[in-house]
2 protein chains.
Amino acid sequence: MEKMNKTKLHILDTAFQLARTVGLESLTIGSLAKKVGMSKSGLFAHFHSKEMLQIMILDYTDKTFTTEIVAPAIKLPRGIGRLMAIMDGWVKWTTDNGSCPLIAAAIEFDDRPGKVKIKVEENLKKLHMTLSRACQVAVEAGDIPSENDPDQMAQEIFGHILSYHLYQKVMRDKSALSRFETSMKNTLSVKGGQS
Amino acid sequence: MEKMNKTKLHILDTAFQLARTVGLESLTIGSLAKKVGMSKSGLFAHFHSKEMLQIMILDYTDKTFTTEIVAPAIKLPRGIGRLMAIMDGWVKWTTDNGSCPLIAAAIEFDDRPGKVKIKVEENLKKLHMTLSRACQVAVEAGDIPSENDPDQMAQEIFGHILSYHLYQKVMRDKSALSRFETSMKNTLSVKGGQS
DNA sequence: GACAACGTAGCACGATCGTTCGTTTTTATC
DNA sequence: GATAAAAACGAACGATCGTGCTACGTTGTC
């Protein structure tokens, strides 16, 4: 873990908020500096390239998501409650203000190799692991059928969130949330494969 | 429908390809002009603002998706085959080269009101309708259970595609495709809700 | 209180952004 | 082949991009 002084944290927090509405690429150092209230060069000195700034925003995003959503869920007793707590938090995280910088970055950089994409890949995998683990715990607790593969469920659930985001935020579909909840139920119940 | 001369179509086709790798915002008129092989101002004259260019790229994307993927599927006999043909085409469309400009734009503009967002919303709704209709046809043909709501299935399926895209393209997960297929099976089969 | 280290500001760089303008080249019409 | 219309061009605009450099102010240490 890296040392972080007060100013740098304040910058990152502002950058995080800004990135939620404009993404990582359209976030410019000039606009960020104006919003923070300091000079472009003074801000720039904390990071030594825009690429590094983007990476640290992703880091900050991950840390915020973990402490605000994952950590509280982990405190719940082992079982499906943890998973649902994460999902509730995630939905709120998606709905409230702006979208998720990680998702935005994932789409922006999916075809642009580089350090940022590597960081995105890393964070996405971590998120998948969190989901997958939570599913596994729910299975072990007997809350959901053991036929279900945790990785399969995780990928499906990830899709439910992404889809919800599009339907709710872009298409402004009033039914988006209830459909999301139905989707979750479907994923977590037994699968009656007709072969 | 608008009249379109040869040059404009060529520009849009090139822009479409470029947008698949960099998105709509990072696509600059200068870089596009260079790739097309004409001057910035000459190209700019065809559209009268960058915003209009972005909208026409989205239009072009929609038209291409329709003729390349939806139209061939419609020619198949009524039933689940149509839906699966669309999904096959969509997966290939997502996997082959770059991602989908519409999806990228949806993420980029979800919190930026304006004409572009309106166009994105319009196209997404059209895509949802296409999916929903295909599901409904499959139900009517008796290929999938009638308990399933077409809109519900459409939102789920949309999520499966988005998730697949992230897992395959960003996380480079080898199992992404097979999980996607499982997800599709799950969505299209009966739901055994344990209340 | 001298001194080193650090955080921040100011200024400027070359590049590129979207856009405008006037001119030249191409195309179509008679 | 003359002429009008349309298409493409080169140059330039003011603004902003990311990034350096230098200097000034603050802070902590001896």
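In what follows, chains are A, B, ... by sequence order, proteins preceding strands, each numbered from 1. Computed from a predicted model, the values in this text were never measured in an experiment.
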task: For DNA chain D, find the residues of residues 12-30 of chain B with a heavy-atom distance under 4.0 Å and give them by number; none if there aren't any.
output: none

field: Separation of D/dT19 P from A/Leu53 CG (nearest whole Å)
entry: 9 Å

query: Whole Å only: how far is the NZ atom of B/Lys6 from the C1' atom of D/dA8?
result: 18 Å

field: Residues which pass side-chain hydrogen bond (donor to acceptor under 3.5 Å, both in side chains) with B/Asp151, listed by chain and number, not counting sequence neighbours
entry: B/His128, B/Ser132

task: Using atom NZ of A/Lys50 as one end and atom C1' of D/dG20 as the other, report the distance to the nearest whole Å.
output: 17 Å

- request: Specify the separation, in whole Å, of atom CE of A/Met38 and atom P of D/dG25.
  value: 17 Å

field: Residues forming a side chain to side chain contact (heavy atoms under 4.5 Å, CB included) with A/Val36, sequence neighbours excluded
entry: A/His10, A/Ile11, A/Thr14, A/Leu32, A/Met38, A/Leu43

query: Whole-Å distance between D/dC17 P and A/Leu32 CG?
result: 11 Å

query: Could you give the CD-to-C1' distance, from B/Glu51 to C/dG18, as a whole number of Å?
result: 12 Å

query: Among all residues two or more places apart in sequence or in another chain, which pass the salt bridge (charged side-chain N to carboxylate O under 4.0 Å, His left out) test with B/Asp173?
result: B/Arg179

- request: Output the distance between atom CD1 (A/Ile157) and atom CD (A/Gln155), rounded to the nearest 0.5 Å.
  value: 11.0 Å

- request: Would you classify B/His46 as touching base, sugar-phosphate or nothing, given that sugar-phosphate means primed atoms plus P, OP1 and OP2, and contacts are heavy atoms under 4.0 Å?
  value: sugar-phosphate

query: Can you tell me how far C1' of C/dG18 sits from CD1 of B/Ile55, to the nearest Å?
result: 16 Å

- request: Using side-chain hydrogen bond (donor to acceptor under 3.5 Å, both in side chains) as the criterion, list what pairs up with A/Lys115, not counting sequence neighbours.
  value: none

Residues in side-chain hydrogen bond (donor to acceptor under 3.5 Å, both in side chains) contact with B/His46, at least two apart in sequence or another chain: none

- prompt: Taking N and O atoms by type only, does the side chain of A/Lys40 place a donor or acceptor under 3.5 Å from a partner on the base of D/dG18?
  reply: yes

